[in-house]
Amino acid sequence: MAENNHKAGHSNFNKDSGLNLDPKKIFNEVIRFWWLFLISVPVCYGVVEIMHRYSIPVYGAIMTVIVDEQGDKDSKASMMDGFGLTPGMSNVDNQIAVLSSWDMIRNTVEQLDFYVSYFAQGRMKDTELYGNIGMKVVFDSTHVQPLNVPIYIIPVDDNSFRLKISCEEASLYDYDQNRVTGMVQNVNYSQIHRYNETVITPWMAVNIMGKPGNRSQELSFVFNHPEHVVSQYKYALRVNKTNENSTIISLYVTGTNNEKNIAFLNKLTDVLIESNLRQKNKIADNTITFIESQLVNISDSLRLAGTELSDFRTTNKIQSVTSKGDYLFSEVQRIESEISHL
């Protein structure tokens, strides 16, 4: 009897605790707050559209590099095998370290036009430009330039533009000396200049070469601190092996302009090839220098030995070692013959 009561109680518990959904009640609640759905849908759509239109996108570029294995024909191979490493794997690790090093990235940036950044002006955001934009800012590296300050190029006609800059304070950088040399305050400059004309002020010296492709669009440019540019790419670059036993290296870099990403990776690999070539040439030059020095030492040793042999022959009146040997051999034979007749 107790068992039946237990089963009945268990059955009632499941029935009471079950989820009871009333579709009609749910529909009535939705209808009741129809205005909330009517407002939230366009608001959410608007937020997504604003984020898509005005947020700055970040792009990624990837490149793979095949590292030549160093053959195991020399004595280093057995040494690497002793540590469980092959020369090829060791070379891959070395190349990864070189590619991601500060000096390698600095050399890459120095060979690219990354010290000046160009932007197209928009209503809500500025878009960074790179590559074929029709113009280039050529600056005097021996003259100071203002860092991180937007300098605007506003087209006036086909041959002239308005150069405009306004800032409360800016650091002045000397690219020739690679250092900040001072500060400038309360700069408000707005003057009309001609393209391909040098503009010199106490805080800037530039020449706007060429003309913008879109004559109606306002552009701006910014001078960047070299160390900041190197640091930016140092931390944006990822260099890894595709897998643990591979000699293929994967290079991945992110940035707001994909053309700059691609240009950076291409130049980085070029700099690596040039660096490896210089290293190989240096090793070859050192090897040749070593061989030449050894040849000089051997030549001196042979010359000294020849002199000593000549002095020995003169002192002992020996003109030919072969003839002296023949003479001694014939004497031995003569003595043996005399002895045999005794």
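Index from 1, following the sequence.
No option in L268, I105, V239, N240 other than V239 meets the side chain to side chain contact (heavy atoms under 4.5 Å, CB included) test with S100.
Between the side chain of Y189 and the main chain of I151, no donor-acceptor pair closer than 3.5 Å is present. Of the possible polar contacts, none joining the N148 side chain to the V222 backbone as a donor-acceptor pair under 3.5 Å is found. In terms of modelled atom types and a separation under 3.5 Å, the side chain of S160 and the main chain of V156 share no donor-acceptor contact.
Ring pair F161/Y195 is tilted by interplanar angle, where 30° to 60° counts as tilted. Classified by interplanar angle (parallel below 30°, tilted 30° to 60°, perpendicular above 60°), the ring pair Y173/Y175 is perpendicular.
Atoms CG and CG, from L265 and L251 in turn, are 6.0 Å apart once rounded to the nearest 0.5 Å. For the atom pair NE2 (H225) and OG (S231), the distance works out to 11.0 Å, reported to the nearest 0.5 Å.
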Inset, instruction - List the steps, then state whether side-chain contact (heavy atoms from CB on, under 4.5 Å) holds for T64 with I249. - result: CA-CA 6 Å; T64 54; I249 297 177; over 6 Å; no
Inset, instruction - Using the side-chain contact (heavy atoms from CB on, under 4.5 Å) rule, take S117 and E128 through it: C-alpha gap first, then chi angles, then the decisive distance, then the call. - result: CA-CA 7 Å; S117 297; E128 185 176 6; 3.9 Å; yes
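In this structure, I66 places its CD1 atom where only 12 or fewer heavy-atom neighbours from other residues, nucleotides or ligands lie under 6.0 Å away. The number of heavy-atom neighbours closer than 6.0 Å to CG of N132, taken from other residues, nucleotides and ligands shown, is 12 or below.
No side-chain donor-acceptor contact under 3.5 Å links T289 and N286. In this model, no donor atom of one side chain and acceptor atom of the other lie less than 3.5 Å apart for N178 and E227. Between S141 and D176, the side chains place no donor N or O within less than 3.5 Å of an acceptor N or O (distance only, hydrogens not considered). For the residue pair S101/D103, the side-chain donor-acceptor check at 3.5 Å is not satisfied.
Side-chain contact check for K267 versus I262: every heavy-atom pair is 4.5 Å or farther apart.
Annotation: ring pair (Phe, Tyr, Trp, His ring centres under 6.0 Å) contacts of F223 (sequence neighbours excluded): F139, F221.
Sorted by first and then second residue, the salt bridge (charged side-chain N to carboxylate O under 4.0 Å, His left out) pairs with a member in residues 162-171 form an empty list; sequence neighbours excluded.
The minimum heavy-atom distance linking I165 with P146 is given by the pair CD1-CG, 4.4 Å.
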